[in-house]
Amino acid sequence: MNEFSNQDLPHRRTSSHGPSHDLIEWPLRSGWVRVVFLAVVTALSSVVVYKTTVVALATIPEDSLTVVAIQKGLEYDPGNANLLHRLGVVYSYVPTELNLTEALKFMRQAVVLNPRRWDFWIDLATTCDFAGDTHCSDEAFERAESLNPRLPRLQWMIANHFVLTNRLGQGFPHFRKLLETSPDDYWGPTFRLCLRAAGDPRQVFTEVIPQGKDSRMRFTFLSFLGAAGDYESAMRIWEQMITGADRTPDIISVRVFLDFLIDHNRIQDASTVWHDLQRVGVAQKGPDVDSDDLIYNGRFQWPPLNTGFDWRYDASAGSDVLFDFSDSAPYKGKNCLRIEFPVGRNAAYGLLSQVIIVKPNTRYQFTAYVRS
């Protein structure tokens with residue numbers, strides 16, 4: 001090997017054979033030195049093996065762990081809360097290893113060693129329920145909620161726990177909290193479970209459905225009752241809403257329930273809702289011209305609500321069709337409807353319609369003024 005001069009350090013030379021100041025040479029000629037060296041290496045290797053074993057067991061998926069494997073890990077680390085918890089889970093959920101007594105023993109040890117793990121407390125609570133120990137599950141769920149009070153899945157589990165133990169009064173507030181924090185994911189299962197448990201839609205409405213400023217969940221509950229065919233309960237709750245906190249509801253919130261009634265031929269119920277909306281000023285009063293005119297908003301005096309017994313139009317047509325309900329060239333009155341097709345192609349659209357209540361065995365005359 002050749003040596004080369006360092007141009008930056010002209011007075012120093014580098015060599016691959018010189019001793020390093022960062023290394024310590026320890027000759028192993030004497031027997032006692034070799035023994036000490038081997039002992040140190042063996043001890044370090046044992047530590048590495050121990051740590052590797054514990055980490056490996058802790059990272060294996062729960063469904064692939066066996067009792068024997070976990071017990072082997074506990075021999076290395078008997079105070080490992082994760083391994084104790086996993087052993088309890090295996091004894092609680094794996095059919096071939098089912099042993100609730102052992103499961104509770106190891107899960108209790110795990111929460112003692114690591115009381116800040118809310119998921120440990122959930123598994124303990126669920127296992128206590130399996131074992132019929134309600135006092136244990138109550139305490140475990142309470143500890144889990146104190147650690148993670150806004151977790152929707154936890155609220156769902158706690159609420160179910162109280163329903164299964166026949167304590168609806170304690171479970172319903174958790175369902176309400178669940179609907180407040182995660183309504184989109186849980187409203188369907190919550191409605192079905194609570195209605196089955198209570199058997200009284202009005203109780204569910206009062207104790208489960210959020211009663212704050214946001215009325216969307218209340219109207220969702222009305223539509224749910226209608227879809228289940230319980231129109232009587234839906235109309236009773238509607239009466240409670242329109243005379244209470246929802247006396248001036250947003251028409252967008254009412255639309256789904258109102259149109260559901262019309263589409264399912266519940267015309268009398270829909271008429272009740274419509275007249276209530278007119279009474280509180282959400283919908284304009286009509287008919288608007290003559291007492292014998294059944295067309296609502298026939299001369300487009302106000303923008304249509306696109307729901308109920310007002311004009312309905314295809315708002316989804318987008319740029320293909322343009323609706324102008326305030327055109328200033330009417331046949332009579334102040335306004336008329338103008339429809340334009342700016343895209344220049346001919347397509348089929350359901351442009352305009354209105355649901356009208358008529359009497360049987362009665363003749364009617366329809367009159368309209370149209371130009372193009």
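None of the values given here were measured: they were computed from a predicted structure. Note: hydrogens, waters and symmetry copies are ignored here, and every other heavy atom, side chains too, is used.
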Original post:
How far apart are the C-alpha atoms of L168 and V163, what are their side-chain angles, what is the distance that settles it, and do they pass the side-chain contact (heavy atoms from CB on, under 4.5 Å) test?
Top reply: CA-CA 5 Å; L168 302 184; V163 169; 3.9 Å; yes
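- Across all their heavy atoms, V256 and S223 have their closest contact at CG1-OG, 3.6 Å.
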Original post:
Q301 and Q284: side-chain hydrogen bond (donor to acceptor under 3.5 Å, both in side chains), yes or no, with the steps?
Top reply: CA-CA 10 Å; Q301 288 90 331; Q284 298 287 343; over 6 Å; no
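- With N335 contributing its side chain and R299 its backbone, the two residues share no donor-acceptor pair below 3.5 Å.
- Partners of F221 by ring-ring contact (aromatic ring centres under 6.0 Å, His included), not counting sequence neighbours, listed by chain and number: F191.
- The side-chain contact (heavy atoms from CB on, under 4.5 Å) test applied to V282 returns P249, I251, L277, V280, not counting sequence neighbours.
- By the disulfide (SG to SG under 2.5 Å) test, C194 pairs with no residue at all, sequence neighbours left out.
- Atoms NE2 and CG, on H264 and D269 in that order, are 13.0 Å from each other to the nearest 0.5 Å.
- Counted within 6.0 Å of CD on E239, heavy atoms from surrounding residues, nucleotides or ligands total 12 or fewer; the atom is thus considered open.
- Using a 4.5 Å heavy-atom threshold, the side chains of P304 and N297 count as touching.
- L113 and A81 get closest at one heavy-atom pair: CB-CB, 3.9 Å.
- For E207, there are no salt bridge (Lys or Arg N to Asp or Glu O under 4.0 Å) partners two or more places apart in sequence or in a different chain.
- Contact record, L305 with A283: CD1-CB, 3.8 Å, taken as the closest heavy-atom pair.
- Each of L164 and L193 belongs to its own hydrophobic cluster when Ile, Leu, Val, Met, Phe, Trp and Tyr are linked at side-chain heavy-atom distances under 4.5 angstrom.
- Considering only residues two or more places apart in sequence or on other chains, R176 meets the salt bridge (Lys or Arg N to Asp or Glu O under 4.0 Å) condition with none of them.
- Placement of I252 and M217 within a single hydrophobic cluster is found when ILVMFWY residues are connected by side-chain heavy-atom separations under 4.5 Å, directly or transitively.
- Placement of F106 and V112 in two distinct hydrophobic clusters is found when ILVMFWY residues are connected by side-chain heavy-atom separations under 4.5 Å, directly or transitively.
- Annotation: side chain of L87 is not in contact with side chain of M107 (no heavy-atom distance under 4.5 Å).
- T220 has its side chain out of reach of F257: every pair of non-hydrogen atoms, C-beta onward, lies at least 4.5 Å apart.
- For the residue pair S137 / D129, a side-chain donor-acceptor distance below 3.5 Å is found, with atom types taken as modelled.
- A salt bridge is absent between E145 and R143: the closest approach of a Lys/Arg side-chain nitrogen to an acidic carboxylate oxygen does not fall below 4.0 angstrom.
- Not a single side chain to side chain donor-acceptor pair (under 3.5 Å) links E75 to another residue, sequence neighbours left out.
- The pair R167-D138 meets the salt-bridge criterion, with a side-chain N (NZ, NE, NH1 or NH2) lying under 4.0 Å from an Asp/Glu carboxylate O.
- How far CH2 of W118 is from OG of S146: 12.5 Å, rounded to the nearest 0.5 Å.
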Subject >> Stepwise side-chain hydrogen bond (donor to acceptor under 3.5 Å, both in side chains) test for S326 and D324 >> reply: CA-CA 6 Å; S326 59; D324 181 4; 3.1 Å; yes
Subject >> Verdict with supporting geometry, W238 and F205, ring pair (Phe, Tyr, Trp, His ring centres under 6.0 Å) >> reply: CA-CA 11 Å; W238 163 256; F205 178 78; over 10 Å; no
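- Taking all atoms of both residues into account, the shortest heavy-atom contact from P152 to L178 is O-CD1, 3.3 Å.
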**OP:** With side-chain hydrogen bond (donor to acceptor under 3.5 Å, both in side chains) as the test, would you mind laying out the steps for T165 and T134 before giving the verdict?
**Re:** CA-CA 8 Å; T165 52; T134 303; 5.9 Å; no
Original post:
Please walk me through it: do Q354 and Y296 pass side-chain contact (heavy atoms from CB on, under 4.5 Å)?
Top reply: CA-CA 8 Å; Q354 184 175 132; Y296 180 83; 3.3 Å; yes
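- A distance of 11.0 Å separates CZ of R117 from CG of L147, quoted to the nearest 0.5 Å.
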**OP:** Output, in order, the C-alpha distance, side-chain angles, deciding distance and verdict of side-chain contact (heavy atoms from CB on, under 4.5 Å) for M241 and L222.
**Re:** CA-CA 10 Å; M241 292 171 58; L222 285 183; 3.7 Å; yes
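- For R236, the salt bridge (Lys or Arg N to Asp or Glu O under 4.0 Å) test picks out E232, with sequence neighbours left out.
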Give every donor-acceptor pair under 3.5 Å between a side-chain atom in residues 96-104 and any protein atom, sequence neighbours left out.
{"from": "N99", "atom 1": "OD1", "to": "T101", "atom 2": "N", "distance (Å)": "3.3"}
{"from": "N99", "atom 1": "OD1", "to": "E102", "atom 2": "N", "distance (Å)": "3.2"}
{"from": "E102", "atom 1": "OE1", "to": "K105", "atom 2": "NZ", "distance (Å)": "3.2"}
{"from": "E102", "atom 1": "OE2", "to": "K105", "atom 2": "NZ", "distance (Å)": "3.4"}

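- Scored by the side chain to side chain donor-acceptor pair (under 3.5 Å) test, K334 finds no partners at all (sequence neighbours excluded).
- M235 has its side chain within reach of L261: a pair of non-hydrogen atoms, C-beta onward, lies under 4.5 Å apart.
- Atom CG of residue D214 and atom CG of residue L179 lie 11.5 Å apart, to the nearest 0.5 angstrom.
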**OP:** Could you walk me through whether E340 and V321 pass the side-chain contact (heavy atoms from CB on, under 4.5 Å) test, one step at a time?
**Re:** CA-CA 6 Å; E340 293 187 9; V321 181; over 6 Å; no
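- No side-chain heavy atom of T190 sits under 4.5 Å from any side-chain heavy atom of V204.
- To the nearest 0.5 angstrom, W311 atom CH2 is 5.5 Å from I295 atom CD1.
- Side-chain contact check for D263 versus F260: every heavy-atom pair is 4.5 Å or farther apart.
- Across all their heavy atoms, R216 and S253 have their closest contact at CG-OG, 4.4 Å.
- Taking the six-membered ring for Trp and the full ring otherwise, F162 and H174 have centroids separated by under 6.0 Å.
- A salt bridge is defined here as a Lys NZ or Arg NE, NH1 or NH2 lying under 4.0 Å from an Asp or Glu carboxylate O, and E180 with R150 fails to meet this definition.
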Can you give each donor-acceptor pair under 3.5 Å made by side-chain atoms of residues 355-369, sequence neighbours left out, with the distance rounded to 0.1 Å?
{"from": "T362", "atom 1": "OG1", "to": "P360", "atom 2": "O", "distance (Å)": "3.1"}
{"from": "Y364", "atom 1": "OH", "to": "K359", "atom 2": "N", "distance (Å)": "2.9"}

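- Checking side-chain atoms of S215 against main-chain N and O of R218 turns up no donor-acceptor pair under 3.5 Å.
- Distance check: Q71 CD to L74 CG gives 7.5 Å after rounding to the nearest 0.5 Å.
- Qualifying ring-ring contact (aromatic ring centres under 6.0 Å, His included) partners for Y313, counting only residues two or more places apart in sequence or in other chains: F323, F325.
- Side-chain contact check for Y91 versus T127: every heavy-atom pair is 4.5 Å or farther apart.
- Legend: ring pair (Phe, Tyr, Trp, His ring centres under 6.0 Å) pairs involving residues 122-159, not counting sequence neighbours, sorted by first then second residue: F141-H161, W156-F175, W156-Y186.
- Across all non-hydrogen atoms, the minimal contact from L84 to P78 is CD1-O, 4.0 Å.
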